[in-house]
Amino acid sequence: MPRLLVDPALEEQPDHSSAMYQGLRTAIIGNTQTTEEEAAERLTELWRTARDDRTVRWQAQLEEDARIAAEAEQERQAQEAQEREQREQAAELERQEAEKKKLKINDFDDNRQVDSSLVPHPSAYAMSKLEHFEYVELWYFTQAGCAEAAIEAKSTSDDAYGLTKVDGFAAFRRVSDLKASRKVVQDHLLSWRDFDIGKTNLLYHIDKLKWPKKHQDALMVFFLTIVNHEYRVRPRGEEALVIYASRVRYNWHEFLKRNQGYNISLFNNELFQTIVSEVWDIARDQGLQGQSFQKSYNQSRS
């Protein structure tokens with residue numbers, strides 16, 4: 001049905017008694033006794049009926065237009081809301097990214113003061129070794145090792161990364177985690193004092209790194225057995241005990257990597273006696289050649 005373009009209420013009622021409608025009046029009168037006035041009234045009634053029909057259609061048309069407009073407005077508002085939400089989400093993500101990049105300082109406990117003793121901190125390289133449960137020389141945990149780490153930390157950027165192989169895969173790690181010290185002293189060449197300080201600091205840091213308690217306890221008993229061994233009071237006793245500790249701890253880590261770990265806290269006296277014999281053999285050569293014990297030992301191991 002064609003769309004109405006004008007409100008029927010605005011239509012002006014025609015004058016059906018005028019000469020313009022003479023033909024229609026004549027057709028209505030025909031052979032009846034209907035008068036001109038009655039015929040004009042009949043035409044007016046027909047027009048009013050048609051207008052009423054158009055009025056109903058007009059109202060329905062207005063309602064349909066309103067419905068379509070309301071749906072379009074609702075869709076527009078929904079689209080605007082979606083676009084606004086997307087803009088807000090993008091702005092929130094941008095804010096979060098900016099927040100991540102912002103330099104922050106950690107909070108602190110108002111009621112906590114500095115510890116009564118400050119434990120020297122080893123290098124990032126040594127801590128990385130411990131984090132991966134790998135063998136690392138005790139020298140890194142001595143006063144000399146921690147002092148060098150403090151100096152190195154002030155001059156090296158922790159943000160520098162290098163490529164390395166981890167579990168068979170290439171991975172990026174901080175350069176400071178990969179860089180061994182050129183001044184490192186092998187465990188078997190440590191003085192008794194440095195050995196004692198190093199093992200204490202090592203045990204402290206593996207506890208901080210939450211090593212398995214079983215492994216911590218085994219290492220603690222291992223070191224306690226060494227420092228309390230009766231052979232310490234014997235000539236060359238401390239040298240032999242440091243060498244025993246050096247070899248066994250390195251061997252223990254190697255076996256752990258192969259999933260063949262053993263209880264390091266169980267002291268092997270037979271192995272120790274073999275080392276004692278080696279120490280005395282080296283000491284005799286040292287006396288004959290006038291060399292230091294460390295130099296003679298290194299030559300015997302090369």
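We use all heavy atoms of the structure for the numbers below, so side chains are in, but hydrogens, waters and symmetry mates are not. Note that the numbering runs from 1 along the sequence shown for the chain. What you see is a predicted model; the values in this text were computed from it and never measured.
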**Message:** Would you say CZ of R112 has more than 12 non-hydrogen atoms from neighbouring residues, nucleotides or ligands within 6.0 angstrom?
**Reply:** no
**Message:** Using modelled atom types and a 3.5 Å cut-off, is there a donor and acceptor pairing between side-chain atoms of T55 and backbone atoms of R51?
**Reply:** yes
**Asked** Can you tell me how far the OG atom of S191 sits from the CH2 atom of W139, to the nearest 0.5 Å?
**Response** 13.0 Å
**Prompt:** If you draw the axis of the six-membered ring of F255, does the NZ or CZ of R258 fall within 45° of it and under 6.0 Å from the ring centre?
**Reply:** yes
**Request:** Would you check if E254 and K257 make a side-chain contact, meaning some heavy-atom pair closer than 4.5 Å?
**Result:** yes
**Prompt:** side chain to side chain donor-acceptor pair (under 3.5 Å) between E36 and Q22: does it pass, once the steps are laid out?
**Reply:** CA-CA 9 Å; E36 285 281 339; Q22 182 61 58; 3.2 Å; yes
**Item:** Short N-O contact, D7 and R54, less than 4.0 angstrom
**Value:** no
**Message:** Test of understanding: clusters of I, L, V, M, F, W, Y form through side-chain heavy atoms closer than 4.5 Å, transitively. Do F272 and I243 belong to the same one?
**Reply:** yes
**Asked** Which heavy-atom pair separates R247 from E278 by the least distance, and what is that distance?
**Response** NH2-OE1, 2.6 Å
**Prompt:** Are the charged groups of R284 and D281 less than 4.0 angstrom apart, N to O?
**Reply:** yes
**Message:** Can a side-chain donor-acceptor contact be found between Q79 and E75 if the only test is distance below 3.5 angstrom?
**Reply:** no
**Request:** Using a cut-off of 6.0 Å, state whether more than 12 heavy atoms not belonging to R193 lie near its atom CZ.
**Result:** no
**Fill in**
All heavy atoms of L241 vs all of I226, minimum pair found to be CD1-O, 3.7 Å
**Asked** Considering only heavy atoms from C-beta outward, does the side chain of E37 approach that of S17 to under 4.5 Å?
**Response** no
**Asked** Minimum heavy-atom separation for Y140 to S181, with atom names?
**Response** OH-N, 3.0 Å
**Message:** Hydrophobic clustering (ILVMFWY, side-chain heavy atoms < 4.5 Å, transitive) - are I197 and W192 grouped together?
**Reply:** no
**Prompt:** Hey, quick one: are V56 and W58 part of the same hydrophobic cluster, counting side-chain heavy atoms closer than 4.5 Å, chains of contacts allowed?
**Reply:** no
**Message:** Determine whether a donor-acceptor pair (N or O, by modelled atom type, separation under 3.5 Å) exists between the side chain of R232 and the backbone of V227.
**Reply:** yes
**Fill in**
So the side-chain hydrogen bond (donor to acceptor under 3.5 Å, both in side chains) pairs with at least one residue in residues 38-49 (sequence neighbours excluded) are Q13-R48, H16-T44
**Prompt:** Counting N and O atoms only, with roles assigned by atom type, does the side chain of S128 sit under 3.5 Å from a partner on the main chain of Y125, one being a donor and the other an acceptor?
**Reply:** no
**Request:** Give a yes or no on whether the backbone of Y231 and the side-chain of H229 come within a donor-acceptor separation of less than 3.5 Å.
**Result:** yes
**Message:** I want to check something: taking the side chain as every heavy atom from C-beta on, are N268 and Q273 in contact at a cut-off of under 4.5 Å?
**Reply:** no
**is_close_aromatic(F267, F222), centroid dist under 6.0 Å** = no
**Asked** Would you say N106 has more than 12 foreign heavy atoms packed within less than 6.0 Å of its CG?
**Response** no
**Side-chain touch P120/N201, heavy atoms, less than 4.5 angstrom** = yes
**Request:** Please check if atom CD in E73 has more than 12 non-hydrogen atoms from other residues, nucleotides or ligands closer than 6.0 Å.
**Result:** yes
**Prompt:** Is there side-chain contact between V276 and R236, with at least one heavy-atom pair below 4.5 Å?
**Reply:** no
**Asked** Is there a donor-acceptor pair under 3.5 Å between the side chain of N228 and the backbone N or O of L224?
**Response** yes
**Message:** For the aromatic rings, using the six-membered ring if either is Trp, is the centroid distance between F133 and H215 under 6.0 Å?
**Reply:** no
**Prompt:** Is a salt bridge present between K199 and D196, judged by a nitrogen-to-oxygen distance below 4.0 Å?
**Reply:** yes
**Prompt:** Do the side chains of V221 and V242 join up, straight or via other hydrophobic residues, at under 4.5 Å, putting them in one cluster?
**Reply:** no
**Complete:** Taken to the nearest 0.5 Å, the spacing of E12 CD from L10 CG works out to 11.5 Å
**Message:** Test: ring pair (Phe, Tyr, Trp, His ring centres under 6.0 Å). Region: residues 92-122. Which pairs qualify, not counting sequence neighbours?
**Reply:** H121-H205
**Heavy-atom pair of closest approach, residues Q61 and L4** = NE2-O, 2.8 Å
**Message:** To the nearest 0.5 Å, what is the distance between CZ on R182 and CD on E148?
**Reply:** 10.0 Å
**Request:** Assign the ring pair Y250 / Y135 to parallel, tilted or perpendicular, where the plane angle (0 to 90°) is split at 30° and 60°.
**Result:** perpendicular
**Message:** How close do I206 and Q216 get, counting heavy atoms only, and between which atoms?
**Reply:** O-NE2, 3.8 Å
**Request:** Run the ring-centre check on F141 versus Y204 and record whether the distance is less than 6.0 Å.
**Result:** no
**Item:** E80 bridged to R76 by N-O distance under 4.0 Å
**Value:** yes
**Request:** Would you please test M127 and L209 for side chain to side chain contact (heavy atoms under 4.5 Å, CB included) and show each step?
**Result:** CA-CA 9 Å; M127 293 303 295; L209 291 174; 3.8 Å; yes
**Asked** Are the side chain of D187 and the backbone of S246 linked by a donor-acceptor contact shorter than 3.5 Å?
**Response** no
**Message:** Taking atom CD as the centre, does Q74 end up with more than 12 heavy-atom neighbours from other residues, nucleotides or ligands that are less than 6.0 angstrom away?
**Reply:** no
**Item:** Closest non-hydrogen atom pair, Y262 against V248
**Value:** OH-O, 3.5 Å
**Message:** If the threshold is 4.0 Å, N to carboxylate O, is there a salt bridge linking R67 and E63?
**Reply:** no
**Prompt:** Is any side-chain heavy atom of L202 closer than 4.5 Å to a side-chain heavy atom of L130?
**Reply:** yes
**Request:** Give a yes or no on whether the backbone of F223 and the side-chain of R249 come within a donor-acceptor separation of less than 3.5 Å.
**Result:** no
**Message:** Does any part of the side chain of L219, heavy atoms only, come nearer than 4.5 Å to the side chain of L203, both counted from C-beta?
**Reply:** yes
